[in-house]
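Have a look at the structure below before the remarks.
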Amino acid sequence: MLIGLSVFPLGGRQKSEGRFLKTEVSVAVPVGSDSSIRRSVFKAHTLSFCGTLRAPVLTLDLSTKNARSKKGYTICMSVQQANAPKVAVSPLQLEDAKEPPLNTFKPKEPYTATIVSVERLVGPKAPGEVCHVVIDHGGNVPYWEGQSYGVIPPGENPKKPGNPHNVRLYSIASTRYGDSFDGRTASLCVRRALYYDPETGKEDPSKSGVCSNFLCNAKPGDKVKITGPSGKIMLLPEDNPNATHIMIATGTGIAPFRGYLRRMFMESVPTYKFGGLAWLFLGVANSDSLLYDDEFSKYLRDYPDNFRYDTALSREQNNKKGGKMYVQDKIEEYSDEIFKLLDEGAHIYFCGLKGMMPGIQDTLKRVAVERGESWEEKLSQLKKNKQWHVEVY
Ligand code: FAD
């Protein structure tokens, strides 16, 4: 079996304004036989283009001798094919547990992990900043996709002098194997919480969010106290590998879905071969605010039968009534299909800011009424069948 990875030397997916050029090649090396080649040949680089920092991606280090010939491996440049081969992961024992790990580390005895990298994920025109934070837990704080870590920022809790800060939760944005595919890291997708004085409109640094700013300002090698993992509601049900998963995210709510999608489409896990449909709806302010767009666009190219990806850009697109395009407007656009999929047993997930839910629920309710159905009954059935998963904050 072969694995393939794309290399984007000039930038990510072509954006709407056509600002970015994309050059993509794929390389192929055998899977599962020699993980050292994986580690030594591929290394993370930060992409920088048009003055925009993007997430690190795995790039091919052709200067590495392993890339040329190690035990006779051939690395060939080829055109990216549909159903692209996947990346080998380890240790596969991470598949063995029957139940997810829960609260291995508690606030009184957190695990001290190390920051691997912090990268700005959004472009210059995005309102606010979102960072991709990779944390090395040394394999000591395993988790499943859809769980969260707690982070205890350094310093004293101003409300309880002499005590540490309260734990802040962050959805984990990687699979259990982490972005380095070796089960030693977890990634978080963190929005920097800033405070703007409502009267002057000016930023007031004394009221900036403690933990998000700590994480977004962290440097490689910094220590970070983590707790968890926690949460069961957003676990990816894997009993049926052909199931449909409809994912609705706003902003950093994308985190758990990035983990799901890497598991479905990027990683080679012998015991989980996804053959169903994953449909992602992502709502953000504008195209510069899109998160992990390169990854998702690649799945769209490689797995067109298994992946759908719709974005709602509230400050760039209009809904059919001429108002701002929110994620619920996209849901409405596809409501017939969504309702049909739910009737057939699809799972639906919501993650992001609390404020997203009322608008979405109103839309779903309106659609149900138009279809002559009772939303209350439908919702209670979805909950009863464990098809309905919500994590908002
Ligand atoms: P805090 O210091 O806790 O401040 C909270 C807010 O109050 C900030 O906006 C701050 O600017 C404002 N503030 C501070 N002082 C004042 C003041 N005097 N007056 C008025 N306002 C003030 N967040 C993510 O970014 N990504 C995730 O994936 C994520 N996942 C989550 C998952 C779960 C299950 C939950 C519950 C939450 C999640 N969060 C996530 C939110 C996260 O836990 C934090 O709440 C968030 O990062 C803000 O924490 P902070 O320490 O930066 O801000």
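Because the structure is predicted, anything quoted here is derived from the model rather than measured. When a ligand or atom number is given, it counts from 1 through the structure's own listing order. For the single chain, residues carry numbers from 1 onward in sequence order.
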State whether any protein heavy atom lies less than 4.0 Å from [atom].
atom                    : value
atom 23 (N) of ligand 1 : yes
atom 31 (C) of ligand 1 : yes
atom 5 (C) of ligand 1  : no

Which ligand 1 atoms are under 4.0 Å away from a heavy-atom of Cys189?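 Near Cys189, the atoms of ligand 1 are 24 (C), 25 (O), 26 (N), 27 (C), 28 (O).
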Atoms of ligand 1 less than 4.0 Å from Val190 heavy atoms?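 Once the distances to Val190 are compared, the set is 25 (O).
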So, do Pro237 and His245 sit near enough that their side-chain heavy atoms are less than 4.5 Å apart?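 Yes. Closest side-chain heavy atoms under 4.5 Å.
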Side-chain contact test, heavy atoms from C-beta onward, threshold under 4.5 Å: evaluate it for Glu156 versus Pro161 and give yes or no.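 Side-chain contact under 4.5 Å: yes.
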Answer with side chain, backbone, both or neither: which part of [X] has a heavy atom less than 4.0 angstrom from an atom of ligand 1?
X      : value
Pro153 : neither
Glu391 : side chain
Tyr170 : both

For [atom], what is the nearest protein heavy atom, given as residue, atom name and distance?
atom                    : answer
atom 20 (C) of ligand 1 : Tyr195 CE1, 3.3 Å
atom 2 (O) of ligand 1  : Val210 N, 2.9 Å
atom 53 (O) of ligand 1 : Gly209 CA, 3.1 Å
atom 43 (O) of ligand 1 : Leu169 O, 2.6 Å
atom 11 (O) of ligand 1 : Lys207 O, 2.7 Å
atom 1 (P) of ligand 1  : Arg168 NH2, 3.5 Å
atom 9 (O) of ligand 1  : Ala193 CB, 3.6 Å
atom 40 (C) of ligand 1 : Tyr393 CE1, 3.5 Å

Test of proximity, [X] against ligand 1: N or O pairs below 3.5 Å:
X      : answer
Arg191 : yes
Ala255 : no
Ser208 : no

To the nearest 0.5 Å, what is the distance between CG on Leu94 and CG on Asp96?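 Atom-to-atom, Leu94:CG and Asp96:CG are 8.5 Å apart.
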If I compare all heavy atoms of Ala186 with all of Ser174, which pair ends up nearest, and what's the gap?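 Smallest interatomic distance, heavy atoms only, reads CA-OG, 3.5 Å.
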Side chains of Thr244 and Glu344: donor-acceptor distance under 3.5 Å anywhere?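 No, no side-chain donor-acceptor contact under 3.5 Å.
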Validation row, ring centre [X] to ring centre [Y] under 6.0 Å:
X      : Y      : result
Tyr292 : His132 : yes
Phe307 : Phe265 : yes
Tyr303 : Phe274 : no

Quick one: does NZ or CZ of Arg308 land under 6.0 Å from the six-membered ring centre of Tyr334, within 45 degrees of the ring axis?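 Flagged: Arg308 positioned over aromatic ring of Tyr334.
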Stepwise salt bridge (charged side-chain N to carboxylate O under 4.0 Å, His left out) check, Asp179 with Arg258: CA-CA 11 Å; Asp179 289 359; Arg258 179 182 183 255; 3.1 Å; yes
Hey, mind stepping through Lys330 and Glu333 against salt bridge (charged side-chain N to carboxylate O under 4.0 Å, His left out) and telling me if it holds? CA-CA 5 Å; Lys330 277 283 160 192; Glu333 225 174 88; 3.7 Å; yes
